[in-house]
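Worth knowing before you read on, the calculation uses all heavy atoms, side chains too, and leaves out hydrogens, waters and symmetry mates.
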Amino acid sequence: MAETPKWYVVHTYSGYENKVAQNIEKFVENQGLGDLIFEVSIPTETVVEYKDDKKREVERKIFPGYVLVKMILTDDSWYVIRNIRGVTGFVGPASKPIPLTDEEVEKLGVDVRTVEVNYQVGSSVKVIHGPLEGFIGRVEEIDADKDIVKVTVSMFGRDTLAELQLGQIELAGE
């Protein structure tokens, strides 16, 4: 069964998110279930608070009462998670957990994918995907966080700045 793991949402008692996440990780480690349950995440955001004229950064849970678990859903993995102290159940109809879609996972920022590029500002690059495929240009700006690269390409004798995704270009001459 070569199933790919998916992210599921587990409902917990409010305030127990960290304890539940620790308990799941500890249980997985002790029982050798790393091939079924891969990762546990509590989505948080850093918020700047002003209290008594003092500025401080506080980490807040985006979804209090919920923990995200990346796992392959089997009877065993379902049973393990369901019986962790502090877990009230999975999110989904009746007792059937529903995995998050790729778009939901991306928006939550739990599955951070890193893109490594072999070019930098000033590099000569070739567009390998999209409407400008085949064009050669020069990298002007790279924003890895937004998966964007700005490239100047020469079209019809004029330099034009194009905004592309990091994976749409490669170093020219490869």
Exercise. First locate atom CG of Leu33, then atom CD1 of Ile24, and finally report the distance between them rounded to the nearest 0.5 Å.
Key: 11.5 Å

Quiz item: Any idea which heavy atoms bring Ile98 and Gly92 closest together, and the distance?
Solution: CG1-CA, 3.9 Å

Quiz item: Given the rule that I, L, V, M, F, W and Y join up when any side-chain heavy atoms are under 4.5 Å apart, are Trp78 and Leu36 in one cluster?
Solution: yes

Self-check item: Sub-6.0 Å ring centroid separation between Phe90 and His11
Solution: no

Practice problem: Find out if a path of hydrophobic residues (ILVMFWY) with successive side-chain heavy-atom gaps under 4.5 Å connects Val127 to Met155. | Solution: yes

Self-check item: Straight-line distance of Arg138 CZ to Leu161 CG, nearest 0.5 Å
Solution: 10.0 Å

Practice problem: With rounding to the nearest 0.5 Å, note down the distance linking CZ in Phe27 to CG in Asn83. | Solution: 8.5 Å

Exercise. State the CH2-OG1 distance between Trp7 and Thr101, to the nearest 0.5 angstrom.
Key: 13.5 Å

Practice problem: Keeping the roles fixed (side chain from Glu25, backbone from Gln22), state whether a donor-acceptor pair exists under 3.5 Å. | Solution: no

Self-check item: Nearest-0.5 Å distance, CZ of residue Phe38 to OG of residue Ser77
Solution: 9.5 Å

Quiz prompt | Non-hydrogen atoms of Leu73 and Met71 that approach each other most closely | solution = CD1-CE, 3.3 Å

Practice problem: Looking only at non-hydrogen atoms, find the nearest pair between Tyr8 and Pro97 and report the distance. | Solution: CD2-CB, 3.7 Å

Quiz item: Can a salt bridge be assigned to the pair Glu17 and Lys19 using a cut-off of 4.0 Å between side-chain N and carboxylate O?
Solution: no

Self-check item: Neighbour count >12 (heavy atoms, 6.0 Å) for atom CG, Asn30
Solution: yes

Quiz item: What is the minimum heavy-atom distance between Gln168 and Gly130, and which atoms define it?
Solution: NE2-CA, 3.8 Å

Exercise. Spell out, yes or no, whether Phe156 and Leu132 are grouped together once hydrophobic residues are joined by side-chain heavy atoms under 4.5 Å, including indirect joins.
Key: yes

Exercise. Could you check if a side-chain atom of Ile148 sits within less than 4.5 angstrom of a side-chain atom of Glu163, using non-hydrogen atoms only?
Key: yes

Quiz prompt | Non-hydrogen side-chain atoms of Ile37 and Ile81 separated by less than 4.5 Å | solution = yes

Quiz item: Between Ile169 and Leu171, is there a shared hydrophobic cluster once you connect ILVMFWY residues whose side-chain heavy atoms come closer than 4.5 Å?
Solution: yes

Practice problem: Answer yes or no: is there a side-chain heavy-atom contact under 4.5 Å between Val67 and Val40? | Solution: yes

Quiz item: Which atom pair, heavy atoms only, marks the closest approach of Tyr66 to Ile42?
Solution: O-CG2, 4.4 Å

Quiz item: Hey, are the side chains of Val9 and Val69 touching, using non-hydrogen atoms and a 4.5 Å cut-off?
Solution: no

Quiz prompt | Leu68 with Phe63, same ILVMFWY side-chain cluster at under 4.5 Å | solution = yes

Practice problem: Evaluate the side-chain proximity of Tyr119 to Val149: yes if any heavy-atom separation is below 4.5 Å, no if none is. | Solution: yes

Quiz prompt | Heavy-atom side-chain proximity of Ile142 to Leu166 below 4.5 angstrom | solution = yes

Exercise. Determine whether Thr88 and Tyr13 make a side-chain contact, defined as any pair of heavy atoms from C-beta on separated by less than 4.5 Å.
Key: yes

Quiz prompt | Minimal non-hydrogen separation, Val121 against Glu141, with atom names | solution = CG2-CA, 4.1 Å

Exercise. Would you check if Arg56 and Val58 make a side-chain contact, meaning some heavy-atom pair closer than 4.5 Å?
Key: yes

Practice problem: Quick one: pull up CG in Leu164 and CD in Glu133 and give me the separation to the nearest 0.5 Å. | Solution: 11.5 Å

